[in-house]
Amino acid sequence: LRLDGRQVERWRVKHPEPGRTAVFYLEDLASEKEYELEVAAVSPGGQVSPTTKVRVRSSPALGRPIRLQPLRPPPAGPVTPWRAGRIQVWALPGLVKINPLKPEVLCDDLGPVDRPAPPNSLPNAVWDGKEVHLFGCRGEYVSFQLCIEKLLEQPVGQIRVRPGQITGPKQFAIGGSEIELFLVWYAKNRGQQWQPAYCVPIPHGATFEIPNRRRGMDGQQNQLVYVDLYIPKEAPGGLYQGEVLVETGLQERITVPVRLEVFEFVLPDRLSFWPELNAYNLPPKPYDYYLLAHQHRCVLNCMGWPRPKLTGWGKTLQADWTEFDRRVGPLLTGELFANSRRRGVPIECMYLPFGDDWPMPLNYKTYAYPGPWPKKGDDIQGIIDHYLKGPYIAHGLSQDYKDGFHAIQRQFIEHFRQRGYSQTEMQCFYGNKVTHRIHYGANMWWTTDEPYFWDDWLALQFFTRLWTVGRGDADRRLWVARAD
């Protein structure tokens with residue numbers, strides 16, 4: 001493609017599909033302007049068709065143009081933390097890590113290490129020394145941290161953080177469950193240095209101490225509290241004001257003013273970009289993990305959900321969906337997320353349970369390889385021998401193996417149609433490492449996750465082709481073959 005004589009970047013045009021109309025969008029054009037578009041088709045063999053030229057007109061502008069203010073660094077300091085008796089408090093962005101043994105920024109999170117002053121004496125992206133300032137749209141989380149420092153050698157106990165309501169236009173108030181608190185939990189990194197690692201939920205007004213005796217961290221001088229503020233979808237746009245109270249058992253009280261600007265638009269519940277959190281095992285109480293990711297606009301994708309129980313062999317394989325529907329169904333219908341901020345939106349994508357040895361077993365009967373089949377703890381030579389002597393995968397796997405694959409594939413597609421599981425991308429993914437055979441006792445012969453040998457690439461080609469051929473006229477946007 002060329003537009004007014006200039007090459008259009010290749011990534012803007014989806015790869016054409018046989019028998020289908022190619023649709024593409026050219027963005028960042030001036031509105032309602034005429035252009036000359038040149039189009040040429042390229043065959044799989046590299047032959048290029050004659051160029052066709054057409055006159056096109058860009059669409060009208062959509063609403064008011066968004067004008068972004070130039071990004072500027074926070075104003076120069078110095079600033080002073082809020083102080084009361086034995087403690088002082090200051091605010092910082094949610095992704096900044098502070099050394100719990102002294103008010104020192106870790107990992108250059110606030111800029112170069114040669115900053116002229118400690119972080120509690122300089123303004124940052126959310127704190128100007130006078131108030132915490134945040135902004136976001138309706139339906140969005142905004143966040144900041146409070147760093148609570150003890151100023152004397154003695155421990156400070158019964159510290160509480162109490163968020164008040166944030167009030168804005170038409171006296172609309174944001175508070176209660178819309179403001180969530182987390183005690184930052186510390187762990188040692190590889191360099192044996194303490195650093196923030198986890199966010200542990202705490203109720204409003206829950207007490208903690210510095211140093212935290214439960215953590216056993218000698219010399220702790222400060223404690224971070226992470227504050228998540230959810231802007232309700234019905235909140236009117238405009239400026240909001242409120243405060244967070246920090247107090248101790250000795251009645252030391254610090255009031256932290258909070259200013260929030262809410263934009264008029266609403267963040268949609270359905271994601272246009274998937275921050276996918278990939279996991280190869282299912283954690284205990286997996287629903288809790290899925291709820292947390294879903295609430296925060298992330299997509300958890302774990303292997304290990306129960307497979308349908310199978311009976312039969314080859315073409316006669318039959319799936320029993322009872323346990324699958326009970327465990328996995330709530331993710332696919334959105335029922336699990338009925339009380340989430342993104343209420344009722346099903347999970348965006350999920351791995352299918354297909355693997356080298358499912359739905360058909362991988363053994364001497366289904367794979368024509370007469371050599372040794374190494375087990376956990378065996379020498380790697382058995383794997384090397386298979387690479388050197390094993391058959392081409394498409395010839396080595398039996399027809400029963402392929403028939404069984406397609407039988408269960410068709411049943412997946414039909415069962416999902418009947419149950420109305422129609423909003424989740426189901427991924428046929430072969431995430432194998434052949435060394436898992438001798439390290440963990442897994443039954444697999446090819447490295448189809450990050451393949452590197454020729455036979456691995458042939459295996460990946462075989463499995464993805466097996467899937468796409470058997471998919472038939474099912475929606476290819478929902479029934480995909482994935483390769484990493």
Side-chain angles (χ1 to χ4, degrees), residues 17-21 270-271 274 276 282 286-287 290 294 299-338 344-362 365-366 393-394 397-432 448 459-484:
E17 300 179 21
R20 292 176 178 258
T21 301
R270 295 187 181 273
L271 306 181
W274 299 350
E276 189 179 337
L282 200 64
Y287 288 164
Y290 275 82
H294 190 274
V299 181
L300 183 59
N301 194 3
C302 296
M303 290 184 170
W305 286 101
R307 293 165 162 169
K309 293 183 180 179
L310 303 180
T311 55
W313 183 265
K315 290 181 179 180
T316 67
L317 270 184
Q318 290 292 322
D320 179 343
W321 299 97
T322 307
E323 184 67 5
F324 181 90
D325 286 336
R326 186 182 73 83
R327 296 282 307 281
V328 183
L331 294 162
L332 301 172
T333 62
E335 177 189 352
L336 178 65
F337 310 113
V345 176
I347 195 71
E348 282 77 9
C349 66
M350 177 178 283
Y351 289 124
L352 286 157
F354 287 76
D356 288 27
D357 60 350
W358 198 93
M360 287 292 288
L362 183 67
K365 190 173 180 180
T366 57
I393 181 172
L397 288 171
S398 69
Q399 190 60 45
D400 281 342
Y401 183 98
K402 301 166 190 175
D403 289 343
F405 179 102
H406 284 146
I408 297 304
Q409 180 188 21
R410 287 190 294 270
Q411 290 173 54
F412 258 101
I413 293 170
E414 178 60 21
H415 183 74
F416 273 50
R417 186 190 65 78
Q418 293 176 359
R419 299 284 296 193
Y421 303 154
S422 60
Q423 300 180 63
T424 300
E425 178 185 279
M426 301 304 295
Q427 302 172 346
C428 181
F429 171 62
Y430 280 75
N432 300 333
T448 45
L460 186 61
Q461 179 194 55
F462 169 79
F463 286 123
T464 54
R465 182 175 290 165
L466 197 66
W467 176 261
T468 54
V469 168
R471 184 172 54 194
D473 60 357
D475 191 339
R476 63 185 61 194
R477 295 171 301 177
L478 297 179
W479 299 97
V480 305
R482 170 178 173 174
D484 288 1

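Along the sequence shown, the residues carry numbers beginning at 1.
- Figure legend: Lys309 and Trp321 shown without cation-pi pairing, the cationic atom not lying both under 6.0 angstrom from the six-membered ring centre and within 45 degrees of its axis.
- Counting heavy atoms from C-beta on, the side chains of Leu362 and Leu397 come closer than 4.5 Å.
- With rounding to the nearest 0.5 angstrom, the CG atom of Asn432 is 4.0 Å from the CG atom of Asp356.
- Between Leu460 and Ala483, the shortest heavy-atom contact is CD2-CB, 3.8 Å.
- Taking the side chain as every heavy atom from C-beta outward, Cys349 and Glu276 approach each other to under 4.5 Å.
- No side-chain heavy atom of Pro346 sits less than 4.5 Å from a side-chain heavy atom of Leu332.
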Next item on the list: Applying side-chain contact (heavy atoms from CB on, under 4.5 Å), run through Leu331 and Met350 and close with a yes or a no.
Entry: CA-CA 9 Å; Leu331 294 162; Met350 177 178 283; 3.5 Å; yes
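- Proximity of Cys428 to Tyr351: side-chain heavy atoms (C-beta onward) are nowhere separated by under 4.5 Å.
- Within the model, atoms CZ of Phe416 and CE of Met426 stand 4.0 Å from one another, a figure rounded to the nearest 0.5 Å.
- Judged by distance alone, the side chains of Asn301 and Glu348 never bring a donor and an acceptor atom under 3.5 Å apart.
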Notebook entry, point to check: Which is it for Asp403 and Met360 under the side-chain contact (heavy atoms from CB on, under 4.5 Å) test, yes or no, and what are the steps along the way?
Noted result: CA-CA 9 Å; Asp403 289 343; Met360 287 292 288; over 6 Å; no
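- Without hydrogens or angle criteria, His415 side chain to Ala319 main chain gives no donor-acceptor distance under 3.5 Å.
- The distance from the CG atom of Leu478 to the OG1 atom of Thr424 is 8.0 Å, given to the nearest 0.5 Å.
- Using a 4.0 Å cut-off between charged side-chain N and carboxylate O, Arg326 and Glu335 make no salt bridge.
- The backbone N or O of Gly329 sits less than 3.5 Å from a side-chain atom of Thr333, completing a donor-acceptor pair.
- The aromatic rings of Trp358 and Phe354 lie perpendicular to each other, with more than 60° between the two planes, well past the 30° mark.
- Between Trp313 and Thr366, the closest side-chain pair of non-hydrogen atoms falls below 4.5 Å.
- In this structure, the separation between CZ on Arg410 and CZ on Phe405 is 11.0 Å, given to the nearest 0.5 Å.
- Between the side chain of His406 and the backbone N or O of Trp467, no donor-acceptor pair lies under 3.5 Å.
- Heavy atoms of other residues, nucleotides or ligands lying less than 6.0 angstrom from CZ of Arg465 number 12 at most.
- With Arg307 contributing its side chain and Pro353 its backbone, the two residues share a donor-acceptor pair below 3.5 Å.
- Between Gln461 and Thr464, the shortest heavy-atom distance links the atoms O-OG1, 3.1 Å.
- Under the 4.5 Å side-chain criterion, counting only non-hydrogen atoms from C-beta, Trp479 is not in contact with Thr468.
- In this structure, Val480 and Phe429 have side chains that are not in contact, with every pair of non-hydrogen atoms separated by 4.5 Å or more.
- Of all non-hydrogen atoms in Phe324 and Pro306, the two that sit nearest each other are CD1-O, 3.3 Å.
- Checked for salt-bridge contact, Lys402 and Asp400 miss the test: no charged N lies under 4.0 Å from a carboxylate O.
- With 3.5 Å as the limit, one finds no donor-acceptor pair spanning the side chains of Asp357 and Tyr401.
- For the pair Glu17 and Arg476, the salt-bridge criterion is met [side-chain N within less than 4.0 Å of a carboxylate O].
- Under the 3.5 Å distance criterion, with hydrogens and angles disregarded, a donor-acceptor pair is assigned to the side chains of Glu425 and Gln427.
- The aromatic rings of Phe337 and His294 lie parallel to each other, their planes meeting at an angle below 30°, with 60° marking the opposite boundary.
- The closest donor-acceptor contact from the side chain of Tyr290 to the backbone of Leu336 lies at 3.5 Å or more, if one exists at all.
- The side-chain heavy atoms of Asp320 and Thr311, taken from C-beta on, include no pair separated by under 4.5 Å.
- The closest donor-acceptor contact from the side chain of Gln411 to the backbone of Leu317 lies under 3.5 Å.
- A pairwise comparison of heavy atoms in Leu310 and Pro359 identifies CD1-O, 3.4 Å as the closest pair.
- Between the side chain of Thr448 and the backbone N or O of Tyr430, at least one donor-acceptor pair lies under 3.5 Å.
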